[in-house]
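See below for the structure under consideration.
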2 protein chains.
Amino acid sequence: MSQTKNTPQPRPDARTFSIGELARELDVTTRTIRFYEDMGLLTPRRRGQTRIYSPADRVRLKLILRGKRLGFSLAESRELIELYNPASDNNRGQLQALMDKIHEKRAQLTQQLHDIEVMQLELDEAEQRCRETMQRITHHN
Amino acid sequence: MSQTKNTPQPRPDARTFSIGELARELDVTTRTIRFYEDMGLLTPRRRGQTRIYSPADRVRLKLILRGKRLGFSLAESRELIELYNPASDNNRGQLQALMDKIHEKRAQLTQQLHDIEVMQLELDEAEQRCRETMQRITHHN
DNA sequence: ACAGCACTTTACGTTAACGTAAACTTCCGC
DNA sequence: GCGGAAGTTTACGTTAACGTAAAGTGCTGT
């Protein structure tokens, strides 16, 4: 048996993170991470007072930050996380509500996708005009 | 001459909008539009006290709202608008600064594009799991 | 034993982006 | 000439998402 020995890492996912580590890696302040916890978006384990973050906690934090990059509020990011963790409420209407939210979010993403494409085209034009102006300046007739 | 007569619309772009019209069409409040003006993002003509919006003003407003949908701050939207209206400052370093901002914005958009794609995949997975659960419930063995 | 560093809680401060209310003016139809 | 709708200014209020400061805890190297 290759992995049955008493290795320092019984399971490959046993790794944990301090709040400072996560803050540096993901480029946020510790204040921000604690704030997200206050808002109920994170619930790390504790060793005494100190927070211990699991890889899953780290993933949740990354989800929040990705939402932030897309302009989502924390409430919206919370919804997205709940979509990912179906909370095991196997009720019927709940599932339909889930589906509705999924489609709603998808519609929003589609809109953003379109907005981005248009904006990219406009940036292309702006860059083009910019280049032309530089040309006209460098070797002005 | 076909268009030299004193028609009600001398030029095809002579149309104007009231603040209320724009608010209804673009689904914002008049307060919001006035706020954007206070922030220097809009400068409509005036007839007396009353604001008169040109088609160009309307475009600017739509640009702001699109930026908002992408999570941009008003300051960022202002920058984007300035990129589109090069302000005719034909200086050299200014042009390079413009190019830099363009590339910066493009990088940001690229990041958002990537975020959206990943998030769409996750929504697909979530929907799939949701469907399966509904299956298991409707005709439970 | 003690400095130093990372962590903790508590609490008040700040900024952006509006909302909301009050108190006008202007125009339009009747 | 008057009520209502749509416009205006001024000003204070609100919410989200943290920033910042104060004061304390806990380990770690020397």
Side-chain angles (χ1 to χ4, degrees), chain A residues 15-54 57-58 60-82 105 108 112 115, chain B residues 8 15-55 57-58 60-82 105 108 112 115:
Chain A
R15 207 201 143 180
T16 64
F17 308 87
S18 77
I19 195 172
E21 280 174 319
L22 286 187
R24 266 171 314 224
E25 179 191 350
L26 304 180
D27 197 33
V28 293
T29 68
T30 60
R31 175 69 177 92
T32 296
I33 297 179
R34 293 196 191 97
F35 177 71
Y36 293 162
E37 182 174 346
D38 283 352
M39 297 296 101
L41 294 171
L42 293 174
T43 43
R45 278 168 36 220
R46 299 275 185 141
R47 181 153 57 201
Q49 293 265 72
T50 305
R51 281 163 252 252
I52 309 284
Y53 295 88
S54 71
D57 290 327
R58 178 164 161 276
R60 287 173 73 94
L61 180 48
K62 287 176 107 173
L63 284 180
I64 300 170
L65 297 177
R66 190 175 63 197
K68 196 179 166 191
R69 286 196 300 272
L70 293 177
F72 290 17
S73 71
L74 293 186
E76 288 172 312
S77 285
R78 188 211 314 280
E79 286 191 355
L80 283 171
I81 291 180
E82 288 171 1
K105 291 296 176 188
Q108 185 178 348
Q112 288 190 261
D115 285 335
Chain B
R15 208 203 143 180
T16 63
F17 309 86
S18 76
I19 194 171
E21 281 174 320
L22 287 187
R24 265 171 317 224
E25 179 192 351
L26 304 181
D27 195 35
V28 293
T29 69
T30 60
R31 175 67 178 91
T32 296
I33 297 179
R34 292 197 190 95
F35 177 71
Y36 293 162
E37 182 174 346
D38 282 352
M39 296 297 99
L41 293 171
L42 293 173
T43 43
R45 280 168 35 222
R46 299 274 186 140
R47 180 153 57 201
Q49 293 264 74
T50 305
R51 280 163 252 251
I52 310 282
Y53 295 88
S54 72
D57 289 327
R58 179 165 160 279
R60 287 173 73 94
L61 181 47
K62 288 175 106 174
L63 285 180
I64 300 170
L65 297 177
R66 190 175 64 199
K68 196 180 165 189
R69 286 196 300 272
L70 293 178
F72 290 17
S73 71
L74 293 185
E76 287 172 313
S77 285
R78 189 210 315 280
E79 286 190 356
L80 282 170
I81 291 179
E82 288 171 0
K105 293 294 176 188
Q108 185 178 349
Q112 289 190 258
D115 285 336

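In the text below, chain A, chain B and the rest are named by the order of the sequence lines, each starting its count at 1.
- With rounding to the nearest 0.5 angstrom, the CD1 atom of B:Ile19 is 5.0 Å from the CD1 atom of B:Ile33.
- Annotation: the span from A:Leu22 atom CG to A:Thr32 atom OG1 amounts to 12.5 Å, rounded to 0.5 Å.
- Contact record, B:Tyr53 with B:Ser18: CD1-C, 4.0 Å, taken as the closest heavy-atom pair.
- Taking CZ of A:Arg60 as the start and CG of A:Leu80 as the end, the distance is 12.0 Å to the nearest 0.5 Å.
- In the 5' to 3' direction, nucleotides of DNA chain D lying under 4.0 Å from heavy atoms of chain A begin and end at D:dA17 to D:dT20.
- Contact annotation: the side chain of B:Arg51 never approaches that of B:Asp57 to less than 4.5 Å [non-hydrogen atoms, C-beta and beyond].
- The NZ atom of B:Lys105 sits 4.5 Å away from the CD atom of B:Glu79 when rounded to the nearest 0.5 Å.
- A:Leu42 approaches A:Leu61 most closely through the heavy-atom pair CD2-N, 4.1 Å.
- Contacts with DNA chain C (heavy atom under 4.0 Å) in residues 65-72 of chain A: none are found.
- Contacts between residues 75-82 of chain B and DNA chain D, defined by a heavy-atom separation below 4.0 Å, involve no residue at all.
- Pairing each heavy atom of A:Asp115 with each of B:Arg69, the nearest pair is OD2-NE, 2.7 Å.
- Evaluation of the salt bridge (Lys or Arg N to Asp or Glu O under 4.0 Å) test over residues 25-35 of chain A, restricted to residues two or more places apart or in two chains, returns A:Glu25-A:Arg58.
- Looking only at side-chain heavy atoms (C-beta outward), A:Tyr36 and A:Val28 stay at 4.5 Å or farther from each other.
- In this structure, A:Arg46 reaches the sugar-phosphate backbone alone: every heavy-atom distance under 4.0 Å involves primed, P, OP1 or OP2 atoms, never a base.
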N/O contacts under 3.5 Å, protein versus nucleotides 24-28 of chain C?
none

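- For the atom pair CZ (B:Arg46) and CD1 (B:Ile52), the distance works out to 10.0 Å, reported to the nearest 0.5 Å.
- In plain terms, the two heavy atoms of B:Phe72 and B:Ser77 that are nearest each other are CB-OG, 4.0 Å.
- One distance of note links CD1 of B:Ile64 with NZ of B:Lys68; it measures 10.5 Å at 0.5 Å rounding.
- Within the structure, every side-chain polar atom (N or O) of A:Ser18 is placed at least 4.0 Å from both OP1 and OP2 of C:dA6.
- Looking only at side-chain heavy atoms (C-beta outward), A:Thr29 and A:Phe35 stay at 4.5 Å or farther from each other.
- Contacts of residues 20-42 of chain B with DNA chain C (heavy atom under 4.0 Å): B:Thr29, B:Arg31, B:Thr32, B:Phe35, B:Tyr36.
- Applying the 6.0 Å contact sphere to CZ of B:Arg47 captures no more than 12 heavy atoms from other residues, nucleotides or ligands.
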